[in-house]
K.L.:
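Input: one structure, supplied below.
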Amino acid sequence: MRVFKFGGASVKNAAAVKNVAKVLRVTGYSNLLVVVSAMGKTTNALEKIVDSYLAQDPKQKELIQNLKEYHFEIIMSLFDAKQHPVYQKTENLFNDLETTLVRNKSKQYDYIYDQVVSYGELISTVIISEYLNATGLNNEWLDAREMIKTNNSYRDAQVDWTRTQQIILDNVNKNILSVTQGFIASDQNNFTTTLGREGSDYTAGIFAYCLGANSVSIWKDVPGVLNGDPRVFENTKLLSHVSYEEAIELAFYGASVIHPKTIQPLQRKEIPLYVKSFLYPETEGTTVKKGQPLDPYMPCYIVKKNQVLVSLSSLDFSFIVEENISDIFKLFHKYHIKVDLIQNSAISFSVCLDDKFDHFEKLLKTLKAKFKVTYNTGVSLFTIRHFTDNSIVSLEKNKEILLKQITRETYQMVAKD
Ligand code: ADP
Ligand code: ASP
Ligand code: MG
């Protein structure tokens with residue numbers, strides 16, 4: 001069997017949803033599990049709803065109304081019959097969302113976030129599953145929260161692989177077409193959890209691993225994995241084959257076309273990953289599998305925007321030794337801040353950080369008690385895998401460079417935006 005994943009861009013409007021059905025007809029749709037994300041920018045819109053709820057901002061109602069109108073517009077273009085059950089099902093989900101907010105008693109941001117933001121995927125999959133059924137692509141809708149069990153680290157939940165595998169094997173029929181949500185799961189108490197922003201690719205990896213799938217295809221608005229994000233770099237080229245190791249490195253450094261957690265479960269069972277264009281489903285795209293790092297071999301450019309560069313030095317000119325460094329890392333872990341790059345000298349220690357959960361202010365306060373701290377927010381981290389002299393020269397042109405580091409295969413540079 002195969003696993004497909006369609007992301008936000010591939011279901012952003014009615015024409016895109018129709019195109020998903022077209023892709024399924026082109027590629028075949030038996031023995032297939034389809035994982036779908038929220039439509040378009042719905043997750044961002046739901047994040048704003050969480051913020052307005054917590055700020056008790058009366059705009060919350062209007063934000064929910066806008067999101068509802070966006071989805072109903074899509075439904076109206078997809079379904080002729082006004083009495084089609086999809087209308088009531090979607091209405092019910094929006095009512096549930098509002099009830100969740102009214103009934104909530106928790107003040108814990110991450111928990112509330114997961115209870116609310118998960119509606120994006122629930123709504124999109126109900127619409128898509130109903131549309132596919134209405135157009136002859138009979139399928140079963142699965143609730144991913146019942147399939148994927150995690151701990152209760154809301155917004156960054158960790159999968160309980162043993163339980164998840166058991167439930168998936170017991171409940172997913174490999175012989176039919178199934179439709180489920182990316183990104184969402186549930187904890188031991190059945191509260192909804194999420195796997196981290198852009199985590200639907202990872203969901204596809206989890207199902208594929210548990211089911212022992214033959215392949216995973218993630219359908220994108222690009223021809224496959226390119227040697228740079230085409231929104232940022234010019235003249236990007238398609239990589240036709242990438243090894244699991246290389247794909248993990250590219251995703252880790254910030255090549256956002258694949259979520260970094262997706263590769264590991266696939267690599268463990270040697271399940272190939274195809275990254276393909278949903279606009280041109282017949283074209284080859286990129287295959288991630290065991291083998292040569294890159295084919296064709298060329299420098300790959302990655303940029304991670306909105307990072308924080310922090311330099312710490314001791315207040316009394318004493319060395320920054322292993323003990324301080326280990327305490328600093330404990331703080332990064334405590335505040336859920338990811339370290340992209342490290343550089344240290346006798347009395348100073350610099351790190352480039354990815355503050356995905358907005359905890360930097362709290363970290364800063366703690367660090368300032370012990371160190372002299374200088375920092376730049378909003379900087380970009382550029383990486384070139386398999387760099388050449390020319391690739392470095394062209395990347396550095398017109399940039400205000402704050403830090404640079406070169407290892408055997410990887411060039412990295414932090415620059416002001
Ligand atoms: P999804 O619709 O599944 O959420 P994303 O928007 O997360 O898809 O990923 C596709 C986008 O990733 C592309 O539009 C492109 O701008 C970006 N991207 C970043 N790095 C690369 C790369 N190396 N190759 C191709 N696309 C890339
Ligand atoms: N909808 C979620 C997000 O936008 C998950 C995903 O799209 O992968 O982050
Ligand atoms: Mg996405």
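Each ligand, and each atom within it, is numbered from 1 in the order the structure gives.
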K.L.:
Could you list the atoms of ligand 1 found under 4.0 angstrom from a heavy atom of Arg231?
P.N.:
15 (C), 16 (O), 17 (C)
K.L.:
Hey, looking at atom 9 (O) of ligand 2, which of Arg197, Gln181, Glu47 has the closest heavy atom?
P.N.:
Arg197
K.L.:
Going by the side chain to side chain contact (heavy atoms under 4.5 Å, CB included) test, name the single residue among Thr125, Thr193, Leu195, Leu122 that passes it with Ile184.
P.N.:
Leu122
K.L.:
What distance separates Phe252 CZ from Ile263 CD1, expressed to the nearest 0.5 Å?
P.N.:
14.0 Å
K.L.:
I'd like to know if Arg197 and Glu47 make a salt bridge, using a cut-off of under 4.0 Å between side-chain N and carboxylate O.
P.N.:
yes
K.L.:
Using non-hydrogen atoms of the residue, decide whether Ser256 is closer than 4.0 angstrom to ligand 1.
P.N.:
yes
K.L.:
By number and element, which atoms of ligand 1 are closer than 4.0 Å to a non-hydrogen atom of Ala9?
P.N.:
2 (O)
K.L.:
Is it the side chain, the backbone, both or neither of Glu121 that has a heavy atom closer than 4.0 Å to ligand 2?
P.N.:
side chain
K.L.:
Check whether the ring centres of Phe360 and Tyr375 lie less than 6.0 Å apart, and answer yes or no.
P.N.:
yes
K.L.:
Identify, by name, the N, O or S atom of Glu198 lying closest to the Mg ion (ligand 3).
P.N.:
OE1
K.L.:
Using a strict cut-off of less than 4.0 Å between a Lys/Arg side-chain nitrogen and an Asp/Glu carboxylate oxygen, indicate whether Glu98 and Lys61 qualify as a salt bridge.
P.N.:
no
K.L.:
Test your reading of the structure: does Lys5 have an N or O sitting under 3.5 Å from an N or O of ligand 2?
P.N.:
no
K.L.:
Can a donor-acceptor pair be found between the side chains of Asn190 and Lys149 at a distance below 3.5 Å?
P.N.:
yes
K.L.:
Taking distance alone, no hydrogens or angles, what donor-acceptor pairs closer than 3.5 Å link side-chain atoms of residues 152-160 to residues at least two apart or in another chain?
P.N.:
from   : atom 1 : to     : atom 2 : distance (Å)
Ser153 : OG     : Asn151 : ND2    : 3.4
Tyr154 : OH     : Asp187 : OD2    : 2.7
Arg155 : NH1    : Asp110 : OD1    : 3.3
Asp156 : OD2    : His336 : NE2    : 3.3
Gln158 : NE2    : Asp156 : O      : 2.8
Asp160 : OD1    : Thr162 : N      : 3.4
Asp160 : OD1    : Arg163 : N      : 3.2

K.L.:
Taking Ser380 as the fixed residue, which of Met413, Gln307, Lys305, Lys416 is the one that meets the side chain to side chain contact (heavy atoms under 4.5 Å, CB included) rule?
P.N.:
Lys305
K.L.:
Answer yes or no: does an N/O atom from Asp201 fall short of 3.5 Å to an N/O atom of ligand 2?
P.N.:
no
K.L.:
Can you find a side-chain donor-acceptor pair between His386 and Glu409 that sits under 3.5 Å?
P.N.:
yes
K.L.:
Pick out which of Trp219, Tyr29, Phe207 makes a ring-ring contact (aromatic ring centres under 6.0 Å, His included) with Phe4.
P.N.:
Trp219
K.L.:
Heavy-atom contact check, 4.0 Å cutoff: does Lys5 meet ligand 1?
P.N.:
yes
K.L.:
Which of the listed options, Val11, Val222, Asp229, Val242, holds the heavy atom that is closest to atom 21 (C) of ligand 1?
P.N.:
Asp229
K.L.:
Any nitrogen or oxygen of Glu198, main chain or side chain, under 3.5 Å from a nitrogen or oxygen of ligand 1?
P.N.:
yes
K.L.:
Can we say Lys276 and Glu284 salt-bridge, meaning some charged N sits less than 4.0 Å from an Asp/Glu carboxylate O?
P.N.:
no
K.L.:
In ligand 2, which numbered atoms sit nearer than 4.0 Å to a non-hydrogen atom of Ser37?
P.N.:
6 (C), 7 (O), 8 (O)
K.L.:
Does a salt bridge link Glu270 with Lys289, judged by any charged N lying under 4.0 Å from a carboxylate O?
P.N.:
no
K.L.:
Can you tell me which residue and heavy atom of the protein come closest to atom 6 (C) of ligand 2, and the distance to 0.1 Å?
P.N.:
Ser200 OG, 3.3 Å
K.L.:
Show me which atoms of ligand 2 lie under 4.0 Å from any heavy atom of Phe183.
P.N.:
2 (C), 5 (C)
K.L.:
For ligand 1, is there an atom lying under 4.0 Å from some heavy atom of Gly228?
P.N.:
yes
K.L.:
With atoms numbered from 1 as shown, which atoms in ligand 1 lie under 4.0 angstrom from a non-hydrogen atom of Leu226?
P.N.:
22 (C), 23 (N), 24 (N), 25 (C)
K.L.:
May I ask you to decide whether Asp143 forms a salt bridge with Arg145, counting only side-chain N to carboxylate O separations under 4.0 Å?
P.N.:
yes
K.L.:
Looking only at heavy atoms of Pro223, does any of them come nearer than 4.0 Å to an atom of ligand 1?
P.N.:
no
K.L.:
Between Asp355 and Lys362, does any NZ, NE, NH1 or NH2 come within less than 4.0 Å of an OD or OE carboxylate oxygen?
P.N.:
no
K.L.:
Report yes or no: does a heavy atom of Gly8 sit under 4.0 Å from some atom of ligand 2?
P.N.:
no
K.L.:
State the atoms of ligand 2, each with its element, that fall below the 4.0 Å cut-off from a heavy-atom position in Thr43.
P.N.:
1 (N), 2 (C), 3 (C), 4 (O)
K.L.:
For atom 5 (P) of ligand 1, what is the closest protein heavy atom, and at what distance to 0.1 Å?
P.N.:
Lys220 NZ, 4.0 Å
K.L.:
So if I count the atoms of ligand 1 from 1 in the order they appear, which ones are less than 4.0 Å from some heavy atom of Gly224?
P.N.:
24 (N), 25 (C)
K.L.:
Any non-hydrogen protein atom below 4.0 Å of atom 26 (N) of ligand 1?
P.N.:
yes
K.L.:
Considering only non-hydrogen protein atoms, determine which one is nearest to atom 13 (C) of ligand 1 and report residue, atom name and distance to 0.1 Å.
P.N.:
Asp221 OD1, 3.3 Å
